[in-house]
Amino acid sequence: MIEQVKGTRNLYGLEAEKYLYIYDIFRKSFNTYGYDLIELPTIEHKELFDKSIGENSEIVTKQMYEFKDKGNRDLVLRPEATASVVRFHNEFFRNESRKYSYFGKMFRYENPQKNRYREFIQAGAEIVGTIDEYSNLQILKTSIRFLSLLNIKSKLNLNTIGTKNEREKYIEELDKYFSKNKRELSKESVDKIGKNTLRILDSNDPFDNQIIDLAPVIYDYLNNETLSKYEAFKKDLKTEGINFVENPKLVRGLDYYNDLTFEFVVNGTVVGGGGRYDSLSEILGLGNLSGVGVAFGVDRLINTVKSIPSKTRVMLIAQNLSDLNLVSSKLDKAGISYLLPVRGSKENTQYKEAIKNNVDYVVNCTENTIKNINNNESIKFNISNLRKLL
RNA sequence: GUGAUCGUAGCUCAGUUUGGUUAGAGCGCCUGGUUGUGGUCCAGGAGGUCGCGGGUUCAAAUCCCGUCGGUCACCCCA
């Protein structure tokens, strides 16, 4: 037997329904609010992500699906979409400001586990161009509307990581501090000193707690402009009645972020995250445009959403096919959808099939009745009687 | 990249420790009957390269090695 590729997922039945439902709510939340949908290519030049996400990041060094095509180009399956959106924007709308939304497959070569797949779906939104802090608020408010329409209760974590210069100075101090206290850190954290210092703050190892708690805090290394922007933003959130938890240790894995970073957490799982990226365009050599965005893990949302609204389902049964064909043609004309038995089996078997398929009503085309499968009450079949039930 | 654990019928699993008839069960599926406002019950039937490859052995689902896949965790992230 040929097994499926590691880390891929088959969405079937209820999961597929949830996928469509989430896509639908996503479109209602973003697309219809002026975030134009963009279908981006799945393959991109490797260079795009080397530059944007960062050559030393975990994603680029270990997690990209890389290949050479027949023209000897270095290509990758995209690990995320923000860089592609910025590429597109700079190519076609360089001197405009625009809002985008996207919904599609991403790929990262990691070992799969709960809520993490090699091929996964992200739904995201970006505002790119000459923009101010108001965009940050818009992205967050729209995200919150999206999650609440899905009936998902999430916690919003918030942080600012300042400008690149500020961050570099902070990391320098952090390196010194952790080096000095090496002996009281886990081996894994020690390995990150000088390489991925910020991530040490994120350590789950209880052994590290004490040292991390006493570590320098990023806010002490940010200048007044950065801090006042951040304070103003928090004030806006409070005015809007948006609850959040400030987490100075929240660092994102992508190099291009500055100032605002945030994530939405449900039961300990990050279902979405994002932030500000004012230097991404420049890093890509594409100009000098700002941006802010959010991305949701659709697979994680599928695993989180408990139930979705269901439609009333009708199944036709009959003891001969001509009865079945007659009624199904009538329903086709009336625009009513229905299920049919897979084959002309005996009546009892067809009833069983209806029950198995979770239908609400069975139309017996031979007897001309509509039966409510939940209480076994039958009424005469005709189109208007059936329509009343739907 | 690291670690743990699992892989036997469509599904859930027993059998693996201690190698030994023809590899089993429940559910599901198909056929016939029963019931007749139907989801019950009865009988029969189909369905298995024991994930894959190699090794040990007179003999492997069972032991060894490798590999692929699932689940979970670390790392990391959505």
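Throughout, protein chains are lettered first and strands after them, A, B, ... in sequence-line order, and every chain is numbered starting at 1.
- As judged by a 4.0 angstrom heavy-atom cut-off over every strand, A:Asn111 is placed among the base-contacting residues.
- With A:Glu119 as the fixed residue, the salt bridge (Lys or Arg N to Asp or Glu O under 4.0 Å) test singles out one of A:Lys105, A:Lys6, A:Arg108: A:Lys105.
- Side-chain N/O atoms of A:Arg108 and base N/O atoms of B:C76 include no donor-acceptor pair closer than 3.5 Å.
- The separation between A:Tyr117 atom OH and B:A73 atom P is 11 Å, rounded to whole Å.
- In this structure, A:Ser345 and A:Ala295 both approach RNA chain B, and ranking their closest nucleotides by distance from the 5' end singles out A:Ser345.
- Nucleic acid contact class of A:Glu347 (heavy atoms, under 4.0 Å, all strands): base.
- B:A25 and B:U18 have their C1' atoms separated by 24 Å, with the value rounded to a whole Å.
- Only the C1' atoms considered, B:U49 is 16 Å distant from B:C68, to the nearest whole Å.
- Taking a 6.0 Å sphere around CZ of A:Phe93, one finds it holds more than 12 heavy atoms contributed by other residues, nucleotides or ligands.
- Across the P atoms, B:G20 and B:G33 are found 44 Å apart, a figure rounded to whole Å.
- Across all strands shown, B:U12 forms a Watson-Crick or G-U wobble pair, both distances under 3.5 Å, with B:A25.
- Nucleic acid contact class of A:Lys192 (heavy atoms, under 4.0 Å, all strands): sugar-phosphate only.
- In this structure, A:Tyr361 places its OH atom 18 Å from C1' of B:G39, rounding to the nearest Å.
- Rounded to whole Å, atom P of B:A78 lies 11 Å from atom CE of A:Met106.
- Nearest to the side chain of A:Arg116, among B:U40, B:C72, B:C75, sits B:C75.
- Summarising the local packing, CD of A:Gln210 is surrounded by 12 or fewer heavy atoms from other residues, nucleotides or ligands at distances under 6.0 Å.
- In this structure, A:Val5 reaches the sugar-phosphate backbone alone: every heavy-atom distance under 4.0 Å involves primed, P, OP1 or OP2 atoms, never a base.
- Contact annotation for A:Arg343: backbone-only contact, meaning every heavy-atom pair under 4.0 Å involves sugar-phosphate atoms and none involves a base.
- Note: NZ (A:Lys346) to P (B:G33) measures 6 Å, nearest angstrom.
- Counting heavy atoms of neighbouring residues, nucleotides and ligands inside a 6.0 Å radius, atom CD of A:Glu47 does not exceed 12 of them.
- Side-chain atoms of A:Asn348 lie closest to B:U34 of the nucleotides B:A78, B:U34, B:C76.
- No option in A:Asn224, A:Ile218, A:Asp220 other than A:Ile218 meets the side-chain contact (heavy atoms from CB on, under 4.5 Å) test with A:Leu222.
- Side-chain nitrogen and oxygen atoms of A:Lys352 include none within less than 4.0 Å of the OP1 or OP2 phosphate oxygen of B:C29.
- Rounded to a whole angstrom, the distance from the P atom of B:C65 to that of B:U22 is 28 Å.
- The same atom, P, is picked in B:C29 and in B:U2; the two are 44 Å apart, to the nearest Å.
- If you measure from atom CD of A:Glu110 to atom C1' of B:G3, you get 16 Å, rounded to the nearest angstrom.
- Following rounding to the nearest Å, A:Ile200 (CD1) and B:C76 (C1') show an atom-to-atom distance of 14 Å.
- Between A:Phe264 and A:Phe262, the ring-plane angle classifies as perpendicular under the 30° and 60° cut-offs.
- A:Gln319 places its CD atom 13 Å from the C1' atom of B:U37, with the value rounded to the nearest Å.
- At a threshold of 4.0 angstrom between heavy atoms, the contacts of A:Glu353 with the nucleic acid are absent.
- Between A:Asn303 atom CG and B:U71 atom P the separation is 11 Å, expressed in whole Å.
- For A:Glu166 and A:Asn223, the side-chain atoms include at least one donor-acceptor pair closer than 3.5 Å.
- Pairing partner, B:G1: B:C74, with both Watson-Crick or wobble hydrogen-bond distances short of 3.5 Å.
- Here A:Tyr351 does not count as stacked on B:G39, because the ring centres are not under 5.5 angstrom apart with planes under 30°.
- Put simply, A:Gln113 has a side-chain N or O that comes within less than 4.0 Å of OP1 or OP2 on B:C74.
- Listed nucleotides B:A78, B:C76, B:G51 differ in distance to A:Glu3; the shortest reach to its side chain belongs to B:G51.
- Among the protein residues, A:Asn372 comes within range of no part of the nucleic acid, since none of its heavy atoms lies under 4.0 Å from any strand.
- Comparing the same atom, C1', in B:G39 and in B:G3 gives a spacing of 47 Å after rounding to whole Å.
- Checking the phosphate oxygens (OP1, OP2) of B:G70, no side-chain nitrogen or oxygen of A:Arg9 falls inside 4.0 Å.
- Comparing A:Ser378 and A:Thr8 along RNA chain B, the residue whose closest nucleotide (by nearest heavy atom) sits nearer the 5' end is A:Ser378.
- A cation-pi geometry, defined here as NZ or CZ lying under 6.0 Å from the six-membered ring centre and within 45° of its normal, does not hold between A:Arg87 and A:Phe92.
- Here A:Gln4 lies in heavy-atom contact (under 4.0 Å) with sugar-phosphate atoms only.
- The side chain of A:Lys6 approaches B:G70 more closely than any other nucleotide in the set B:A73, B:C76, B:G70.
- Among the heavy atoms of the strands lying under 4.0 Å from A:Gly7 are primed sugar atoms or P, OP1, OP2 only; no base atom is included.
- For B:G47, there is no paired nucleotide, since no Watson-Crick or G-U wobble pair has both relevant distances below 3.5 Å.
- Pair assignment for B:G66: B:C52, on the basis of Watson-Crick or G-U wobble contacts that are both within less than 3.5 Å.
- At a threshold of 4.0 angstrom between heavy atoms, the contacts of A:Ile373 include nucleobase atoms, whether or not backbone atoms are also involved.
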